[in-house]
Amino acid sequence: MAIQRPKGTQDLLPGAVEQWQYLEETIRSVCREYGYEEIRTPIFEATELFQRGVGQTTDIVQKEMYTFLDKGDRSMTLRPEGTASVCRAYVENKLHGQPQPVKLYYMGPMFRYERPQSGRFRQFHQFGVEVLGADQPLVDAEVISLVWNLYQRLGLTKLEVHVNSVGCPVCRAKHREQLQEFLALRRNELCDDCRDRFETNPLRILDCKNQSCQTITKGAPTTLDTLCENCKTHFEKVQDLLEEAGVVYRVDSRLVRGIDYYTKTAFEVMVEEIGAQSAICGGGRYDGLVEEIGGPPTPGIGFAMGIERVLTALQVQHKLPEGKPRLYAMLIALGEKAQSKGFSLLSALRVQGMPVSMDLQGRNLKAQLKAANRQGAHYALILGEEELERNVVLIRDLTLGEQTEVPLAEAVETLNEKYRRGV
RNA sequence: GUGGUUGUGGCGAAGUGGUUAACGCACCGGAUUGUGGCUCCGGCAUUCGUGGGUUCAAGUCCCAUCAUCCACCCCA
């Protein structure tokens, strides 16, 4: 049996790649406009980075990492997300010595050992942004507005931006306590999953999809109820600024993020229509993370966006540009001599920046014309024995079905002139 | 990790126990010697994910296995 690609991975064939490039280019230009610079970190890191950064108790660390021992017996892990690496790089390269804040973005593959489903892969791709070294609400708002504007630029509609504050470690502990207290009496009525969550992550019970759990949690204290003064004013300011920026959002006090490092602002963007995994972007503030992985106390905020999910959203909303690159001209050479002569004509045209091609299999005239037509070539340049003898080439306009004869020596100039005029 | 779905040529898709496995698209070739897009003609699965089993007979039934897709969980 032939070898197949690993479960949960994809081959991106021509046709799909153009769509990726379009998305990537749009992302890059928005980042440029916001003053963010790209960072590229290794695709694998010391396992400990993620254990400490993402959090020992998270599903990601407990059951989803691609971890292996290298030949020197070091435990390595294929990165499951990007934030920990960026923070590590910030510390390791002493970026705290540069003017703060440092505004970075990254794009690339991430790896998580999960059961694939729609919108979920084992190798998937994220675009993410991280701002290190500033704790002002203005930063939170800028980051969210970047996401918003990117989606506007792409033409996405029916977006839901959810914003919440999970507070600092102090308010969070307080909330957890109050929530457990609230739920304690009706603990046995919760669904199986939620009974587990009661201990591990009671916050998650708040956004359980189970109908009965939802009624039980009605009136439960939310993270917003227990915010300290500082966190509260921070969150209010963020909201004011989002209004300023024209971001359409909704406060969702039940929004919970699944990674340990989040503090204060948390947000998520969802689109229906792309299946159960509807979050196309998730992020928030993580003021304790840099210190957690051994750096100086440094506030940070960022988000990650699933490229595959954004692409399917664009697909279902028909917002992807049409676009296979078209050939300008196809050289049709008949016979070996014509092939060599034509080959040199081709390179002369390519130097001018024209997308041109030729048959590489020595097929007959008819087959070559057919191929030229299929590839959407505007012109066919016919060069056979007869033309060769007379030192000319036929320029056939495939849309009009007309052809003219020009001296070989003038072919480049003639075509270049047409190409510049866009005909 | 749990539950369900599907698995026939490059793609889409008939076929629900009985001789040589429809059809469409794509692809390749041809319709007077060197002119495409339309049309016509021809070619293109010794084989039905894989391995077993039942049967006189299996793509069609049974078991196993692999893969796929979807959902839960979790996340982007």
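The model shown is predicted, which means the values in this text are computed figures rather than measured ones. Just so we're on the same page: letters track the sequence lines, and every chain starts at 1.
- As rounded to the nearest Å, C28(B) and G36(B) have P atoms that lie 15 Å from one another.
- Proximity of residues 268-276 of chain A to RNA chain B (heavy atom under 4.0 angstrom from any strand atom) is restricted to Gly275(A), Ala276(A).
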(request) Represent RNA chain B in dot-bracket notation, 5' to 3'. Only Watson-Crick or G-U wobble pairs with both distances under 3.5 Å count; pseudoknot-style crossings use [ ] and interstrand partners use |. (result) ((((.(((.[[[..)..(....]]].(((((.......))))).....[[[[[..)....]]]]])).))))....
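- With distances taken from any side-chain atom of Leu369(A) to the nucleotides C70(B), G36(B), C28(B), the minimum falls on G36(B).
- The environment of CZ in Phe44(A) is sparse: at most 12 heavy-atom neighbours from other residues, nucleotides or ligands sit within 6.0 Å.
- Among C73(B), G37(B), G34(B), the nucleotide with an atom closest to any side-chain atom of Asn373(A) is G37(B).
- Under 3.5 Å, the side chain of Arg120(A) and the base of C70(B) form no donor-acceptor pair of N or O atoms.
- In this structure, Gln277(A) reaches the C72(B) phosphate: one of its side-chain N or O atoms is under 4.0 Å from OP1 or OP2.
- A donor-acceptor contact under 3.5 Å is formed by the side chain of Arg115(A) with the base of G3(B).
- Taking only side-chain nitrogens and oxygens, Arg374(A) never comes nearer than 4.0 Å to OP1 or OP2 of A26(B).
- The phosphate of C72(B) (OP1 or OP2) has a side-chain N or O of Gln117(A) nearer than 4.0 angstrom.
- Residue-level contact check: Arg363(A) touches the backbone only, with heavy atoms under 4.0 Å from sugar-phosphate atoms and none from bases.
- A distance of about 9 Å separates the P atoms of U39(B) and C25(B), rounded to the whole Å.
- At a threshold of 4.0 angstrom between heavy atoms, the contacts of Glu402(A) with the nucleic acid are absent.
- Closest contact between the side chain of Arg204(A) and the listed nucleotides C75(B), U68(B), G29(B) involves C75(B).
- Contacts of Tyr379(A) with the nucleic acid, taken as non-hydrogen atoms under 4.0 Å apart, are absent.
- Counting non-hydrogen atoms of other residues, nucleotides and ligands closer than 6.0 Å to CZ of Phe68(A) gives a total above 12.
- Residue contacts shown for Gly119(A) include a base, since a base heavy atom lies under 4.0 Å away.
- Nearer the 5' end of RNA chain B, as judged by each residue's closest nucleotide, is the contact made by Gly384(A), out of Lys7(A) and Gly384(A).
- A76(B) and U16(B) are spaced 43 Å apart, taking the C1' atom of each and rounding to whole Å.
- Electrostatic pairing of Arg254(A) and Asp252(A) does not count as a salt bridge here, judged by no charged N lying under 4.0 Å from a carboxylate O.
- In this structure, Glu81(A) reaches neither bases nor backbone, as no heavy-atom distance under 4.0 Å exists between it and the strands shown.
- The side chain of Ala304(A) approaches A76(B) more closely than any other nucleotide in the set A76(B), A71(B), C74(B).
- Checking A31(B), C75(B), C74(B) against the side-chain heavy atoms of Arg309(A) singles out C75(B) as nearest.
- Nucleic acid contact for Leu398(A): base, since at least one base atom lies under 4.0 Å from a heavy atom of the residue.
- Note: Tyr419(A) and Tyr379(A) fail the aromatic proximity criterion, with ring centroids not under 6.0 Å apart.
- Side-chain atoms of Gln368(A) stay outside donor-acceptor range of the base of G34(B), with no qualifying N/O pair under 3.5 Å.
- Comment: Arg396(A) does not engage Glu402(A) in a salt bridge, judged by the lack of any side-chain N to carboxylate O separation of less than 4.0 angstrom.
- Regarding contacts with the backbone of G37(B), every side-chain N or O of Lys370(A) stays at 4.0 angstrom or more from both OP1 and OP2.
- Counting any heavy atom pair closer than 4.0 Å across all strands shown, Ile382(A) reaches a base atom.
- For Tyr105(A) and Tyr36(A), the ring centers are positioned 6.0 Å apart or more.
- Distance noted for atom P between C62(B) and U2(B): 24 Å (whole Å).
- Here Ile307(A) lies out of heavy-atom contact (under 4.0 Å) with every strand.
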